[in-house]
Amino acid sequence: MSDVLTVTDLAVRFTGEGGIVDAVEGVSFALKERETLAIVGESSSGKSVTALALMRLLGGPPNCVVRGQVTLRRQDGERLELLSLPEARMASIRGRDIGMIFQEPMTSLNPVQRVGAQIAEGLHAHERLSARAASDRAVSLLGHVGIPEPALRARAYPHQLSGGMRQRAMIAMALACRPRVLIADEPTTALDVTIQAQILELIRALQKETGMSVIFITHNLGVVAEVADRVLVMYAGQVVEDAPVATLLGRPLMPYSAGLIASVPRLDDVRRRGGRLAAIPGNVPDPRARPAGCTFHPRCAHARPDPCEAARPALEAAAPDHAVRCARWREIAA
Amino acid sequence: MSGTGAPLLEVTDLAKHYPITGGRTLRAVDGVSFTLGAGEVLGIVGESGSGKTTLGRTVLRLTAASAGTIRFRGEEITDYSRRRMRPVRRHMQLVFQDPYASLNPRMSVEQILAIPLQVHEPGLKRAERRDRIEAVLSTVGLFPEAASRYPHEFSGGQRQRVGIARALICNPALLVADEPVSALDVSVQAQVVNLLLDLRQRLGLAILFIAHDLAVVGLISDRVAVMYLGRIVEIAETTTLFARPRHPYTEALFSAVPDIGGRHDRILLQGDIPSPVSPPSGCPFRTRCPYAEAACAEALPPLVERAPGHFAACRRPELTLSSPLSPQPVSRFAADA
Ligand SMILES: Nc1ncnc2c1ncn2[C@@H]1O[C@H](COP(=O)(O)OP(=O)(O)OP(=O)(O)O)[C@@H](O)[C@H]1O
Ligand SMILES: Nc1ncnc2c1ncn2[C@@H]1O[C@H](COP(=O)(O)OP(=O)(O)OP(=O)(O)O)[C@@H](O)[C@H]1O
Ligand code: SF4
Ligand SMILES: [Mg+2]
Ligand SMILES: [Mg+2]
C-alpha cells in the first residue's frame, strides 16, 4: 500500500531560558493508507512535539526551529512538502487533509461557542457549505460519533458535556471534512476505562468506514495492542524501535522497548499477587543533559562502555519492516 | 485479614453529602461499610467521580462524615474534635496522587520530613530526628543526601518516594494511598509499586489503596471494593473477584481494560456515568447495565453475601459473569512468541 504521509529526519529544537532542548531528533517514518501507527513513549519523549511539528502548530524561530521533511500525498496524487508550505495553504490542509484530536478536549474546544457551531465553522471554511447545510451536517456528525440527542447537544457549550461526550465532539470536529490522516494525541488518557473502550471502538469504526490513516499517540501499551498496526517507540526525542505491533510486543529488540513492555502491570498479574513488577531502574534523562552514546545506556542492563557509551547508535533495519536503535541488538537477540 | 480481635478500621454506613446549588445534595459517598484488618491491603476501584477520594478523606477525618461511623483501633473517631484527633492522626496517614503538588517547593526534604516528627513526637532530640529521617529515606529507597535537596531536584518517582516517606515517618498503622502511582510513567510506576509491596511486607502496614488501574490493584491488594456512584457494589477477596466477578459493573470494568496481550471480546457499556446529584432510581448501575430488567429500577439492591466474604449488590444472582482471566490466557501474539 502506498504512503500517505512521509516524515524524514524531523528535528525540533527549543531554545529558551532553561537552555536548549532537542525535543525531537531525526524522527523518520512513513504512514501507509488505512494504517494505524502508534507512537508510544513515556512523558517528554517527544510524541506531542512530533505531532505538532508536522501539523506546523509549534512556534517559529528563534525559540523553536523545526528541520526535516514532511510529505503529504493528497487524494489526487499531488505531493505537498508541509514544512515549506505557505501558512495560508497549510491552514487549508489542517482539518481538511489532516485532522487532529488532543488529549484534553477543553484546550481545543472553544469554551464560549456552542459545540455544533464550532463544527459547522470548519465545514463552512473547508467545504464551502452554506451556514444552514453546515449546521445540519454538524448535527448529523454528532449523532454519528454516538452523542445521544445530537440536535440538543449541538446547542450545548463544551463545559455542559461530560468528558466522554466532549471527546466525541472533538472527534466529530476532527473528522468533519473526512481527512485522509487523523492524528490522535492521547485521545483517551483523561477518560475512564469504560469510556475509553467506547472511544477506541468509535475510532476503529470510523477508520474502517472512511479508510483514513491514523497516528495514535499514547503511553499505554494496552491501548497500542488494541489499536495499532505498527508501533514507533520513542525515547528521549528519538525513535528507538519501529515494528509491526505483534513483533514489537512479542519480540522487541531494543532493551528499552522490552523493559517498557515488561513493566506494564496486567490483570493476569493477580495470579502472582505480591510478586514484583519488572521495573526499569533510574529515570528518563533530563532533555537538557542527555547522556552521550545511547541515551538509554545508564538504565540498560545490556549496556557496555564500548560500544554503548561511545556513539549514538543509528536506527538499523533488523528486518525489512523492523528498525531498531541499539548498538548491541544483534548480540542481545542471539 | 487479622483473625484476632477488632479490625484496625471499621467503617459503617458512611456517607458524605455535599450541598449544592438549588438546595440539592450530591451524594459523593453513600452507605459504605467495610472493615480493614491490621496489615491488610484493601483496594478501592471505580470510575472518576465514584467517590474513592472522598471515602479516603472521610475515613481519615480530613472531611467530616455526613452519616455513619468510623472506628479506628476500636475507638469511634467519627465526631472527634481536631484536638482529640491529633494523637490518632499519627497512626493514619495519606499519600497523595500528585507528587508535584503535594510537597512544599520551598522546603528541603529534611524539613518536609521533620514536620510530622515535630507534631507527633516533639520530645525527639535533634540527633534522633536526623536518624529517623535517614532511616525512613532508606526505607523508601532514597539516598541519605536526598535530605538536603529540594522537591524540584527530584524526578516524579523520587518525589513520590518522598511523599511516602513523609507518610511513614511516624510509623502509622494505616496508610490511605490515593492513586499513588497514577501520575508516574510506566517504568517508574513499577518501581513505586514494588516499593509499596515491600513496605507492606516489611512493616505490616494496612493500606487503603485507591486506584483506577485494576492490574496494579490486583497485584497489591488482599481484597478489593468496587465503587459506583458513591456506593460499594462489590467487595471480595482479590483473586475471587478477578476469577468470578458477581456484579455486572465489575465485569464491564474488567472487560474495558485494554490488554497488552491484544484485542479481546469486550462488553461495551452504553452511555455515561450518571450524575451523583440525581442517581437513577433502584440500582444505580441499571442505566448502563447490559443485564438490567424492569425490576432493577424499583429498589436499591443491598450488598448481599453471595459466597463467604464475597458481597455484591445486584438483584440478579443467577447471572454468570465473565472473568478477565481466561483459563488459558489467549494472546493475539502467542503465535509469534
Ligand atoms: N514549547 C516548548 N518549549 C520548550 N520545550 C518544550 C516545548 N514543548 C515541549 N517541550 C519539551 O520537549 C520535550 C518533548 O515534549 P513532548 O510534549 O513532545 O513530550 P510527550 O512525549 O508528548 O510527553 P507526554 O507523554 O508527557 O505528553 C519535553 O522535554 C518538553 O519539555
Ligand atoms: N468538596 C466537594 N464539593 C462538592 N462536590 C464534591 C466535592 N468533592 C468531591 N465532590 C464530588 O463528589 C463526587 C466524588 O468525587 P471523588 O473525588 O471522591 O471521586 P473519585 O472516585 O476520587 O474520582 P477520581 O477517580 O476522578 O479521582 C464527584 O461527583 C465530585 O464532583
Ligand atoms: S441489579 Fe440489575 S441493573 Fe443493577 S447491576 Fe444487577 S442486573 Fe444490572
Ligand atoms: Mg504529549
Ligand atoms: Mg480521586
Side-chain angles (χ1 to χ4, degrees), chain A residues 41-45 146 148 161-165 188 190-198 200-201 219-227 244-251 256 259-284 286 299, chain B residues 47-49 155-158 185-194 197-198 200-201 212-222 238-239 241-243 249 252-263 266-273 288 324-326 329 331-337:
Chain A
E42 296 180 285
S43 62
S44 81
S45 56
L161 302 179
S162 70
M165 269 200 260
T188 60
L191 303 175
D192 281 312
V193 280
T194 61
I195 309 294
Q196 165 170 283
Q198 294 172 356
L200 294 182
E201 193 53 47
H219 61 259
N220 185 328
L221 283 162
V223 170
V224 168
E226 304 244 335
V227 303
V245 64
T247 311
L248 188 102
L249 295 175
R251 281 167 294 144
Y256 172 68
L260 196 62
I261 292 162
S263 65
V264 175
R266 301 184 58 175
L267 289 176
D268 266 334
D269 285 339
V270 73
R271 295 193 156 118
R272 44 178 212 95
R273 195 149 54 87
R276 298 285 173 280
L277 285 172
I280 304 177
N283 297 290
V284 175
D286 180 341
R299 308 176 70 192
Chain B
E47 290 177 280
S48 170
S155 69
Q158 288 171 324
D185 269 323
V186 209
S187 69
V188 176
Q189 166 182 302
Q191 298 170 9
V192 177
V193 168
N194 289 347
L197 283 164
D198 278 341
R200 66 160 297 206
Q201 214 162 55
H212 58 252
D213 187 327
L214 292 159
V216 171
V217 169
L219 194 65
I220 220 169
S221 312
D222 298 306
T238 307
T239 37
L241 186 86
F242 279 57
Y249 175 62
L253 197 60
F254 279 134
S255 159
V257 176
D259 187 54
I260 192 169
R263 278 166 214 171
R266 149 143 321 143
I267 298 159
L268 267 190
L269 289 183
Q270 299 301 310
D272 289 314
I273 304 168
R288 299 169 81 202
L325 314 173
S326 37
S331 164
R332 182 182 160 202
F333 310 110
D336 304 292

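Proteins come first, then strands; the chains are lettered A, B, ... in the order of their sequence lines, and each starts at number 1. Because the structure is predicted, anything quoted here is derived from the model rather than measured.
With a 4.5 angstrom heavy-atom cutoff, A:Ser162 touches chain B only via side-chain atoms. Heavy-atom distances place the side chain of B:Asp213, and not its backbone, under 4.5 Å from chain A. Contacts of A:Asp286 with chain B are absent, with no heavy-atom separation under 4.5 Å from either backbone or side chain. Proximity to chain B involves both the backbone and the side chain of A:Gln198, based on heavy atoms less than 4.5 angstrom apart. For B:Gln158, the part lying under 4.5 angstrom from a heavy atom of chain A is the side chain only. Neither the backbone nor the side chain of A:Ala262 comes within less than 4.5 Å of any heavy atom of chain B. Proximity to chain A is limited to the side chain of B:Leu268, based on heavy atoms less than 4.5 angstrom apart. In this structure, chain A has a heavy atom under 4.5 Å from the side chain of B:Val193, while its backbone stays farther away. Both the backbone and the side chain of A:Ile261 come within contact range of chain B, with heavy atoms under 4.5 Å apart. Of the atoms belonging to A:Glu42, heavy atoms from both backbone and side chain fall under 4.5 Å from chain B. Neither the backbone nor the side chain of B:Arg200 comes within contact range of chain A; no heavy atom of the residue lies under 4.5 Å from a heavy atom of that chain.
Minimum interatomic distance between B:Phe254 and B:Pro324 (heavy atoms only, all atoms of both residues): CG-CG, 3.6 Å. The minimum heavy-atom distance between B:Ala256 and A:Ala197, with the atom names listed, is CB-CB, 4.1 Å. When all heavy atoms are compared, the tightest approach of A:Val193 to B:Leu253 is CG2-CD1, 3.7 Å.
Counting heavy-atom pairs closer than 4.5 Å to chain A, the top-ranked of the candidates B:Asp198, B:Val216, B:Ile267, B:Val217 is B:Asp198. The most heavy-atom pairs under 4.5 Å with chain A, out of B:Gln191, B:His212, B:Gln201, come from B:Gln191. With respect to chain A, the highest number of heavy-atom pairs below 4.5 Å among B:Ala252, B:Ser221, B:Ala243 belongs to B:Ser221. Each of B:Leu197, B:Leu269, B:Thr239, B:Val188 has some count of heavy-atom pairs under 4.5 Å with chain A, and the biggest count is that of B:Leu197. Counting heavy-atom pairs closer than 4.5 Å to chain B, the top residue among A:Asn283, A:Ile280, A:Val270 is A:Val270.
In this structure, the side chain of B:Ser255 does not engage the main chain of B:Arg266 through any donor-acceptor pair within 3.5 Å. Here the side chain of A:Ser263 pairs a donor or acceptor atom with the backbone of A:Leu260 at under 3.5 angstrom.
Contact check for B:Asp259 versus A:Leu267: no side-chain heavy atoms found under the 4.5 Å cut-off. At least one side-chain heavy atom of A:Pro265 sits less than 4.5 Å from a side-chain heavy atom of B:Gln189. In this structure, the side chains of A:Asp192 and B:Ile273 come closer than 4.5 Å at one or more pairs of heavy atoms.
Note that the CG atom of B:Leu219 and the CZ atom of A:Arg266 stand 13.0 Å from one another [nearest 0.5 Å].
Salt bridge status for A:Arg272 with A:Asp269: present, with a side-chain N to carboxylate O gap under 4.0 Å.
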